[in-house]
Amino acid sequence: MIGAALLAATMGVTAQKTMKAPAGGKFISDELIGIFFEDISNAADGGLYAELVQNGSFEFSPAERDGWGAGTAWRITRPGHSLGILEVRKDNPIHPNNPTYMRLYCERAKEYYDYRGWKGFGIQNDGFDGISVKAGEKYNFSIFMRNIGDAKKVRVALLENQRGWPPRDPKLLADVIIDASDNAWKQYDAVLTVDSTCHNASLQILVLDKGCIDVDMVSLIPQDTYKGHGLRKDLAQALADLHPKFMRFPGGCVVHGGGDGFWDTYRWKTTIGPKEQRKGLKNTWGYHQSMGLGYFEYFQFCEDLGMQPLPILPCGVSCQGTNGGWGMKEQAQDVVPMSEMDEWAQEAIDLIDWANGDPATNKWAKMRADAGHPKPFNLKYLGLGNEERISPEFCERFKYIYKKVMETHPEIIIVGTAGPGSHPGNPDLENGWKLADELGMPIIDEHYYEPNKYFLSSRQYNYYPRDRKTKVYLGEYAAKDKKLIDALAEGLYLLHVERNGDIVAMTSYAPLFARKTNTNWNPDLIYFDNERPFLTCSYYIQQMFGQSAGQYYYGDCVTIENPDTAPRWQGLPEGEESGYLQGQSVVLNVKTRQLFVKLCNAGDQTKKANINLSRFKGIKTAVKTTISGQPNDENNYDKQPIAPKTETINLKSKMTMELTPYSFVMLQIQL
């Protein structure tokens, strides 16, 4: 079994050779701050994944949403009074995982031209609330086509989107003519260079000759993506600026099929390989996942940001919300027959082989190498299950997969689940911990979303047994609003987590992303539209903690005079004392020789913090970062009043610092 000893080793204190930690420090995890990516609120398609075309594979379906179909996000266009017919087809597709395509019959294109000089019959896509392009930028266009008639010429054009009445001349931004003469499926590529900026462009595909052409897998992606790996630069950079140590993906409820059972369960094997061979899927949150952002891209992004990948796999048990089960006295929960569980266990083993194996000896590792990554991804963590009800059926299936994985890959650190709502007294939490104790599980994943009063008040990890082998991963949490006071409450709670960093190994705020026009959940850490991300108050608190990772916690270096007791949260268990509205932590990173002092004041009175850092040598100056404002301040689409302010200050080993109301301060000291 993998236990606390191996987990502690993976956190690593090898840099103690560089700097010896002064006495009095407690060893804590230096992977406390990570990110949790789930495709909710268009976080992937229309978000982090830089693809600008919506439904480019024509796989949208009424099974995903009433009124949807292959033509969703597309419309017919026929400039010059051209005539034609659009037909949805599924015979002889590119690949069985991608069965739907469009057949364009152009009946008349040559005889007539409109006053703008356009001609042809085809289709038009407006992307996600319009396609945003920038002057001088290059965009990679690709399409699969098959010529089954006389038509040969296809025009691809980016135009300023023109809707409404009276019609105006559409401004041409870029175009190219493609000779689609092959009578078998073939991928055609082109580069569109845009000559002027447009925030609301459309992509047109026009057949210019009389005849018939099949089209599929239409794609338009900026050449300038994050490290050239197909992710939207500004959103990826916003994540990089958090300094996360790991990324959990792909969910969330996305993992185990949400409310529809097993048919739309996320299976990693259908998200790798050429994109035309990946299998799109109904998203738990009511839209379509193209899988253009699949497991290869997730792992690549983790490598780009220096994060540990933490993939979460289903373990043969559905979400308890299946078939409308949420809110029922006995929540529904579908399970895979035990006779079929080998498939689910093998899926976990194959993933480890795909990520870490030798391409010369393992077929899954060879697929990774063929995709362009011959070196292993060095997968360390693997999550099994996502907040399922910890029923006897779940325990039986979890133990089955756990045993199979440990027999094959004992080096992997398994992350289990404590069910939905990880509060003392919750039967799922209790049953999850019983299972963890029975297996000697390295880490268990707790989730809770509560009002800010909970995070201001509860200090639950102070009361966790210190002799347990299993560490805590706080995988989903957030105060239920996005004002400054909510961010400060989360900050106070993270100070509590750092204090208990010997028990809590990892944390990740959730959800991570939300598109402005399709938000399934509030609050979220980062909102965005086609032009920019909108960073919340909570984002900046997370950023401070991400910047200040370390291996040693010192609890006696700072005292805050007359701290205010937080209002007691009504759900606080008997015997657990309420927290304070002020808090502090001192963390040392022996690898970077940096010391971090963090101070929070979530009250309405100025407080004094007495700081004594005399045990640390070489203290002269500090970079001081401050977040402050009024408790109800909120960053939104119209204004962003809250942002960090940074200055360099002289520092003494012993000093007193005033903490203004509703503020969070971090001192970063290079030793």
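The aromatic rings of Tyr295 and Phe299 sit tilted, their planes meeting at an angle between 30° and 60°. Using cut-offs of 30° and 60° for the angle between ring planes, the Tyr448 and Tyr461 rings count as tilted. The aromatic rings of Tyr552 and Phe27 stand perpendicular to each other, their planes meeting at an angle above 60°, with 30° marking the opposite boundary.
Between atom SG of residue Cys557 and atom CG of residue Leu595 there is a gap of 7.5 Å, rounded to the nearest 0.5 Å. Atom CD1 of residue Ile541 and atom CG of residue Leu484 lie 7.5 Å apart, to the nearest 0.5 angstrom. Taking CG of Asp428 as the start and CG of Leu435 as the end, the distance is 11.5 Å to the nearest 0.5 Å. In this structure, Gln542 CD and Leu239 CG are separated by 11.5 Å, a value rounded to the nearest 0.5 Å. For the atom pair CG of Asp481 and CG of Asp486, the computed distance is 4.5 Å after rounding to the nearest 0.5 Å.
Heavy atoms only, all atoms of each residue included: Phe455 and Ala478 are closest at CE1-O, 3.4 Å. Here the shortest heavy-atom pairing between Ala238 and Tyr539 reads O-OH, 2.6 Å. Taking each heavy atom of Ser538 and Glu490 in turn, the nearest pair found is OG-OE1, 2.7 Å. Of all heavy-atom pairs between Ala348 and Leu313, the closest is CA-CD1, 3.4 Å.
Between the side chain of Ser41 and the backbone N or O of Ala43, no donor-acceptor pair lies under 3.5 Å. Side chain of Lys26 to main chain of Arg499: a donor-acceptor pair is present (N/O by atom type, distance under 3.5 Å, no hydrogens or angles). Here the side chain of Gln594 pairs no donor or acceptor atom with the backbone of Leu588 at under 3.5 angstrom. Side chain of Glu340 to backbone of Met338: no donor-acceptor contact under 3.5 angstrom is found. Within the 3.5 Å criterion, the main-chain N or O of Tyr454 finds no donor-acceptor partner in the side chain of Ser458. Side chain of Arg248 to backbone of Gly475: a donor-acceptor contact under 3.5 angstrom is found. Side-chain atoms of Tyr554 come within 3.5 Å of backbone atoms of Pro22 as a donor-acceptor pair (strictly under, hydrogens ignored). At distances below 3.5 Å, not a single donor-acceptor pair connects side-chain atoms of Thr536 with backbone N or O atoms of Ile526. Side chain of Ser585 to main chain of Leu495: no donor-acceptor pair is present (N/O by atom type, distance under 3.5 Å, no hydrogens or angles). A distance-only check finds no donor-acceptor pair linking the side chain of Gln584 to the backbone of Cys600 [under 3.5 Å].
Comment: Glu343 engages Arg267 in a salt bridge, judged by a side-chain N to carboxylate O separation of less than 4.0 angstrom. Using a 4.0 Å cut-off between a side-chain N of Lys or Arg and a carboxylate O of Asp or Glu, Lys399 and Glu438 qualify as a salt bridge. Note on Lys363 versus Asp353: no salt bridge recorded, every NZ/NE/NH1/NH2 to OD/OE distance being 4.0 Å or above. Of the charged side-chain nitrogens involved, at least one lies within less than 4.0 Å of a carboxylate oxygen, so that Lys591 and Asp30 count as a salt-bridged pair. No salt bridge links Glu411 with Lys380; every basic N to acidic carboxylate O contact stays at or beyond 4.0 Å. Ion pair Asp358/Arg368 not flagged as a salt bridge, since none of the NZ, NE, NH1 or NH2 atoms sits closer than 4.0 Å to an Asp/Glu carboxylate oxygen.
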Would Asn500 and Asn462 count as a side-chain hydrogen bond (donor to acceptor under 3.5 Å, both in side chains) here? Give the steps. CA-CA 7 Å; Asn500 291 280; Asn462 289 346; 2.9 Å; yes

Going through the distances and angles, do Arg466 and Asp502 end up as a salt bridge (charged side-chain N to carboxylate O under 4.0 Å, His left out)? CA-CA 9 Å; Arg466 319 310 284 193; Asp502 55 332; 3.2 Å; yes

Using the side chain to side chain contact (heavy atoms under 4.5 Å, CB included) rule, take Phe37 and Phe513 through it: C-alpha gap first, then chi angles, then the decisive distance, then the call. CA-CA 8 Å; Phe37 185 93; Phe513 279 127; 3.8 Å; yes

Chi angles and distances behind the side chain to side chain contact (heavy atoms under 4.5 Å, CB included) call for Leu599, Ile611: CA-CA 10 Å; Leu599 308 162; Ile611 303 172; 4.3 Å; yes

Derivation and outcome, side-chain hydrogen bond (donor to acceptor under 3.5 Å, both in side chains), residues Gln460 and His496: CA-CA 9 Å; Gln460 67 184 66; His496 158 65; over 6 Å; no

Gln346 vs Asp350, side-chain hydrogen bond (donor to acceptor under 3.5 Å, both in side chains): CA-CA, chis, key distance, verdict: CA-CA 6 Å; Gln346 192 62 47; Asp350 290 343; 2.8 Å; yes

Go through it in stages, so that I can follow the logic: the residues are Thr417 and Glu387, the test is side-chain hydrogen bond (donor to acceptor under 3.5 Å, both in side chains), and I'd like the CA-CA distance, side-chain angles, deciding distance and then a yes or no. CA-CA 6 Å; Thr417 178; Glu387 65 175 38; over 6 Å; no

Do Cys302 and Phe249 pass the side chain to side chain contact (heavy atoms under 4.5 Å, CB included) test, and can you show the C-alpha distance, the side-chain angles, and the key distance before you say yes or no? CA-CA 10 Å; Cys302 288; Phe249 61 89; 4.1 Å; yes

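Side-chain contact check for Tyr509 versus Asp524: every heavy-atom pair is 4.5 Å or farther apart. Counting only heavy atoms from C-beta outward, the side chains of Arg468 and Trp433 approach each other to under 4.5 Å. The closest side-chain heavy-atom distance from Val504 to Ser29 is not below 4.5 Å. Side chains of Leu494 and Leu32 form no contact here, defined as non-hydrogen atoms less than 4.5 Å apart. Using a 4.5 Å heavy-atom cutoff, the side chains of Leu382 and Leu310 are not in contact. Contact annotation: the side chain of Gln668 never approaches that of Thr625 to less than 4.5 Å [non-hydrogen atoms, C-beta and beyond]. For the pair Met19 and Leu671, the minimum side-chain heavy-atom distance is below 4.5 Å. The shortest side-chain heavy-atom distance between Glu577 and Arg459 does not fall under the 4.5 Å cut-off.
Judged by distance alone, the side chains of Glu297 and His229 never bring a donor and an acceptor atom under 3.5 Å apart.
Within a 6.0 Å radius of OH in Tyr580, other residues, nucleotides and ligands contribute 12 heavy atoms or fewer. The environment of CD in Glu430 is crowded: more than 12 heavy-atom neighbours from other residues, nucleotides or ligands sit within 6.0 Å. Counting heavy atoms of neighbouring residues, nucleotides and ligands inside a 6.0 Å radius, atom NZ of Lys453 does not exceed 12 of them. Open room surrounds CD on Gln570; 12 or fewer heavy atoms of other groups in view lie less than 6.0 Å from it.
For the pair Lys598 and Phe545, the cation sits on the ring face: its NZ or CZ lies under 6.0 Å from the ring centre, inside 45° of the axis.
If you run side chain to side chain contact (heavy atoms under 4.5 Å, CB included) between Ile444 and each of Thr470, Leu439, Asp437, only Thr470 comes through. Phe246 pairs in a ring pair (Phe, Tyr, Trp, His ring centres under 6.0 Å) with only one of the listed residues (Phe36, Tyr381, Tyr473), which is Tyr473. Here the rule is ring pair (Phe, Tyr, Trp, His ring centres under 6.0 Å) with Trp364, and of Phe377, Phe296, Trp268, Trp354 only Trp268 fits it.
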